[in-house]
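In this chain, numbering begins with 1 at the start of the sequence shown.
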Amino acid sequence: AGPCPPRRKPYVSASVAMLPTTAEAAAVGVAILGGTADSGTSAAAAAAAAADSGKLLQALEAAATEDEGRAVLEPHLESLKSLPSEVIEKVVLRQWWNLAREVVAKSHTQQVDLSFAVRKAVRTLKDEADELLRTLNPKYGMAQQVSPAFQWAQNDTCVFLTIKYTVRWNAPGALEVTDPSVNMTKSGFSFTGLGKHSNNKYKYSLALDLFDQISSESSTWSAASVGKLSVTLRKKWPRKWPRLLSNKKTKIGNMHMWMEMQEKLDTTLSGMTTVANSPVTCGASGKLYCLATDTCKLPANCSQCPGKTVPKEDDNICTGRPTEKATLSFKDSDMDQGEIGGDVKINKARNEFDIEKYDVYFGKDERSKLEGQAGAAYHIGSATPTGGDASVRIPSGMKVPDGATHLLVFSKNEFGEFATPGHTILTDAVLPKGRPTSLEFKDEDGDKGEVSGIVTIGRAQDQEHLEDYALHWGKSEKRKISSGSFIRDVKPSADKDPTHHLAMSTKIPEGATHLLAFAKNEHGDNPSPASVKVIDGLKPCQKGGAADCPVEVTISADQDMDPKQVQAKIQVTKAANEEDLSHYSVYWGRRSCSEGGQTGAKNGLIKNIAVGEAMEHELPADSPVPDGTTHVLAFSKSRLGESDNCVSAALTDAGAPAKPEL
């Protein structure tokens, strides 16, 4: 769209004598490569020289005929990959069709893709040709002014428009517009833009007088969608409009309700009454709008408007002090005692129709402002209504005045403030001053990657503001692991150190190396924890043949001739390292240890032999042998449990009947 592009100058020289000959043109093409016409420059040198695309393009521009252009390009035809796309485009734009076809044919054998450059140049020529055809229409240069089709929908705070660059919504139109102009006023919207469609130019123009006032500075528009303009008009007051236009008699033929969008937005309008009037509609009849009754009144009759008895003819409303309050909330982010900081969040009044600002104060109760020695109220800050929630920033380190118990927010305009404020209790956030003095833990679970046992927290010397001790997994002495760190809160005790029991088989999270204990309350944790390194205690003899495994177990020949009874001596050869061992456990076994000692091999305990005692045990005559026993097993044992690995010796029952020969 827009003004026609300038015509390309014809490639006709003023004097034939000024044109280079074919030989001269070829010399120029070769000179670009850094040689002479008869220098026999190789294809590799030509590819290197082709980087200077500016000189090559100038040579092609100077060529008067297709033959001269071929002479310029000839040295480069065997290395098309090195040619910039602008050179290919130039050949097509000069309409040297034979040369262009020759170049494309060579690109196939050289496996070079020229499609983008060729298509781009052809498209440019086609656009110029189409433009020439359009000029045959004597009215083509003049844009026809039309009103574009549009749809609208609303929620409680905004009106949404989608404008399509066409005169009918279901008809095709321009894909884009040039020189778009959007103007939003207190109660109006307008748009203009130039577009092309079906060989015609159009000036799209739309002007809307809206039902109610909008906040133009908070309204937005964008041309992101192809063929459409998206507009969001921010209502000055959250209300449900009965229509889009101020005059109910105004009809725009190509205006439509945006039904699909409206169905999505109807939930925000649930429970809202559709208003009948506005300052815009009342002003059109020379009257003022009364919000309380949703009616239009003569200026002299504003006394009949409840709570809004002052006429304000410039804004077409009956006004007065605000009659609705906002609410507020605040969470102190300054953890120093006697100081506060953070955002006071103001939840807007139900109707902000004539509220000009919200003022936030320190309060001595839920209704009264706190006053200083000079009688002035302690004012914190102000916020302007925006149709949504607002906030006032309290800088960190603000001192809390003596006697301040609340924060109050008053609705205010030029006529005064609403007497009843929104309020919230002022809570000065303070972290615990003390911290745990120590943290102790000793693993009682012998499995790898699992812990169990008592965690003992050394109680803080200063327990003021302390509500709990928070136990966490840590990746260092001071830092929690990134996720899943929390274990539990432990209540403090005034006279003893609190404890927590980690259950058996508690998994150690990935990356955890420490246990951390923080002093905490509702406002957060004291940043300095107590810590203890987690030492994963393991049962002895983690691997067969390790230093804390029994070396060997033996059993002497059975002296009892009765079946299923044995009389023999069991001897255990102690481990090389008994430092952490407490016992050796000897069992009847269903199989040897080579198949795993703890996986069903045990068939009954014979004896626990304490470390330091005699490493043998006498089985007296008539000692019963449990059914299925084939071996004697020996395990090492510590406070963390019995080892999974063992040593074994085969048991032969002397009284057992002989097995029949096969």
Are we looking at SG atoms under 2.5 Å apart for C318 and C305? no
Donor-acceptor contact below 3.5 Å, side chain W237 vs main chain F353: yes
Salt bridge or not for R393 and D343, using N-O below 4.0 Å? yes
Just checking, is any N or O donor in the side chain of E102 or N98 under 3.5 Å from an acceptor N or O on the other one? no
Using the side chain to side chain contact (heavy atoms under 4.5 Å, CB included) definition, which of the options V146, L194, T166 pairs with Y202? V146
Closest heavy-atom contact between R239 and M272? CA-CE, 3.7 Å
Looking at every heavy atom in both L60 and W96, which two are closest together, and how far apart are they? O-CH2, 3.6 Å
Whether the side chain of Y204 engages the backbone of Y165 through a donor-acceptor N/O pair (distance < 3.5 Å, no angle test) should be reported. yes
Side chains of T274 and K240: closer than 4.5 Å at any heavy-atom pair? yes
For this output row, return yes or no: ring centroids of F150 and F191 closer than 6.0 angstrom. no
E324 side chain vs E352 backbone, donor-acceptor pair below 3.5 Å: no
If we ignore hydrogens and angles and just use 3.5 Å, is the side chain of K164 paired with the main-chain N or O of W169 as donor and acceptor? yes
Indicate whether the side chain of T65 and that of D67 have a donor and an acceptor atom separated by less than 3.5 Å. no
Kindly give the heavy-atom pair with the smallest separation between R94 and A63, and that separation in Å. NH2-O, 2.8 Å
Residue that, paired with Y289, satisfies side-chain hydrogen bond (donor to acceptor under 3.5 Å, both in side chains) out of T319, N316, D294: D294
Please check: side-chain N/O of Q154 versus main-chain N/O of W241, any donor-acceptor pairing under 3.5 Å? yes
Any sub-3.5 Å donor-acceptor pair from S411's side-chain atoms to I355's backbone N or O? no
Check this for me: E414, atom CD, are more than 12 non-hydrogen atoms of other residues, nucleotides or ligands nearer than 6.0 Å? yes
What are the two closest non-hydrogen atoms of S225 and S230, and how far apart are they? OG-OG, 4.3 Å
I'd like to know whether C290 forms a disulfide (SG to SG under 2.5 Å) with C296, so could you lay out the CA-CA distance, the side-chain angles of the two residues, the decisive distance to 0.1 Å, and finally the verdict. CA-CA 6 Å; C290 175; C296 299; over 6 Å; no
The single option from D209, L161, L244 passing side chain to side chain contact (heavy atoms under 4.5 Å, CB included) against F189: L161
Pick from L210, T281, T250: which one makes a side chain to side chain contact (heavy atoms under 4.5 Å, CB included) with R243? T281
Main chain of Q110, side chain of E78: is a donor-acceptor contact present, judged purely on distance under 3.5 Å? no
Hey, is the main chain of C282 close enough, under 3.5 Å, to the side chain of N277 for a donor-acceptor pair? no
Backbone of V392 reached by a side-chain donor or acceptor of Y358 within 3.5 Å: no
Whether over 12 other heavy atoms sit under 6.0 Å from K106 NZ: yes
Which atoms form the tightest heavy-atom contact between D359 and K412, and what is the distance? OD2-NZ, 2.7 Å
From the options I214, D212, T157, select the one residue that forms a side chain to side chain contact (heavy atoms under 4.5 Å, CB included) with L233. I214
When you check the gap from the basic side-chain N to the acidic O, do R123 and D127 get nearer than 4.0 Å? no
Contact summary for K235 and N155, nearest pair of heavy atoms: NZ-O, 2.8 Å
Dump the intermediate steps for salt bridge (charged side-chain N to carboxylate O under 4.0 Å, His left out) on K186 and D315, then the final yes or no. CA-CA 10 Å; K186 192 174 183 180; D315 291 335; 3.1 Å; yes
Are P172 and H197 packed together at the side-chain level, in the sense that at least one heavy-atom pair is separated by less than 4.5 angstrom? yes
Using a 3.5 Å distance criterion without hydrogens, assess whether the side chain of S85 forms a donor-acceptor pair with backbone atoms of A117. no
P180 side chain near L229 side chain, heavy-atom distance below 4.5 Å: no
Quick one: are L245 and I252 in side-chain contact, heavy atoms under 4.5 Å? yes
